[in-house]
Chemist: 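Mind looking over this structure? Questions follow.
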Amino acid sequence: LPRRGSGQAFWDRWALAFWATVLVCAVLAAGLWRRIASAPDDADMARRTGAAAVASDVDVLVQGMLWAVAGLMVFLGVTGELMRYFGQVGLAPATAQLAGGLSVSAWWALFAAGLVIAGFWRGLKPVRMAGLLVSGLAVAKVLLRDLSQLSALYRVASVLILGLAALAAFGQSQQTEDFKKAGVCA
């Protein structure tokens, strides 16, 4: 939803309140994570009562939901602010829309890469899967929307670059599988 006013993208009151909300979600999730990390001290109590194990599962669920909400807010917030920024730069409307659309696609690809890296780093399969989903959305957006606004030469170059990136990702996955088979990585 477009907001009223001409405040600067990323820094007006609305944006600052939005980023503060994202920060609160992340801080709450991080606080729960610390509480969960200290839970092994209560393992004996959990074995005796069984109640602590249920509370721990709820804490893990709430923590995951808070991280998901914070991540979704960052994803959607930056997307909206990028479009707002390019609308404010003073470009011709068609140029602003193209620049905004391409910057959003690049943002989605970076966000997806961050999710995949974080998923591997923390050993969280749902985060990796979310990264692959966002990556798929970015590729679909580029192919279905962004390329329709480019001239033929730029379309060919863009598809070539996307193809090379896909080949690089495939090669990396094959190399990782080879390392796993050789016992080099887990």
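For the numbers below, each heavy atom of this structure counts, side chains included, while hydrogens, waters and symmetry mates do not. Sequence positions, counted from 1, serve as the residue numbers for this chain.
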Chemist: For the residue pair M83 and Q97, what are the closest heavy atoms and their distance?
Modeler: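 Minimum heavy-atom contact is CE-O, 4.4 Å.
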Chemist: Please identify each residue that fulfils side-chain contact (heavy atoms from CB on, under 4.5 Å) with T95, with sequence neighbours left out.
Modeler: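 Expected list: L91, A92.
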Chemist: Side chains of L82 and F10, heavy atoms from C-beta outward: is any pair under 4.5 Å?
Modeler: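 They are in side-chain contact.
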Chemist: Report the residues that fulfil side-chain contact (heavy atoms from CB on, under 4.5 Å) with L132, sequence neighbours left out, ordered by chain and then residue number.
Modeler: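 side-chain contact (heavy atoms from CB on, under 4.5 Å) check on L132 returns V116, M129.
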Chemist: Just grab all the salt bridge (Lys or Arg N to Asp or Glu O under 4.0 Å) pairs involving residues 129-145, residues at least two apart or on different chains.
Modeler: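 For residues 129-145: K141-D146.
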Chemist: In terms of hydrophobic clusters joined by side-chain contacts under 4.5 Å, are L72 and W19 together?
Modeler: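 In one cluster: yes.
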Chemist: Who are the side chain to side chain donor-acceptor pair (under 3.5 Å) partners of S135, not counting sequence neighbours?
Modeler: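 With neighbours one apart ignored, the set is empty.
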Chemist: With V74, which residues qualify under side-chain contact (heavy atoms from CB on, under 4.5 Å), at least two apart?
Modeler: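 In terms of side-chain contact (heavy atoms from CB on, under 4.5 Å), with neighbours along the sequence ignored, V74 is linked to V22, V78, W107, F111.
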Chemist: Any idea which heavy atoms bring Q63 and A29 closest together, and the distance?
Modeler: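 Nearest pair, atom of Q63 first, then A29: CG-O, 3.7 Å.
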Chemist: Are the side chains of R122 and V127 in touch, meaning some heavy atoms are under 4.5 Å apart?
Modeler: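 Side chain of R122 against side chain of V127, heavy atoms only: no contact under 4.5 Å found.
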Chemist: Testing the basics here: between M73 and C25, what is the closest heavy-atom pair and its distance to 0.1 Å?
Modeler: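 Here M73 and C25 meet closest at SD-SG, 4.4 Å.
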Chemist: Listed by chain and number, what are the ring-ring contact (aromatic ring centres under 6.0 Å, His included) partners of W108, not counting sequence neighbours?
Modeler: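 W108: ring-ring contact (aromatic ring centres under 6.0 Å, His included) contacts with F75.
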Chemist: Restricting to non-hydrogen atoms, name the atom on A109 and the atom on A138 that form the minimum distance, rounded to 0.1 Å.
Modeler: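 Result for this residue pair: N-CB, 4.1 Å.
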Chemist: What residues form a ring-ring contact (aromatic ring centres under 6.0 Å, His included) with F18, not counting sequence neighbours?
Modeler: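 With sequence neighbours excluded, F18 shows a ring-ring contact (aromatic ring centres under 6.0 Å, His included) to W14, given in chain and number order.
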Chemist: Sequence neighbours left out, what passes side-chain contact (heavy atoms from CB on, under 4.5 Å) with V24? Give chain and number order.
Modeler: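 Listed in chain order: L28.
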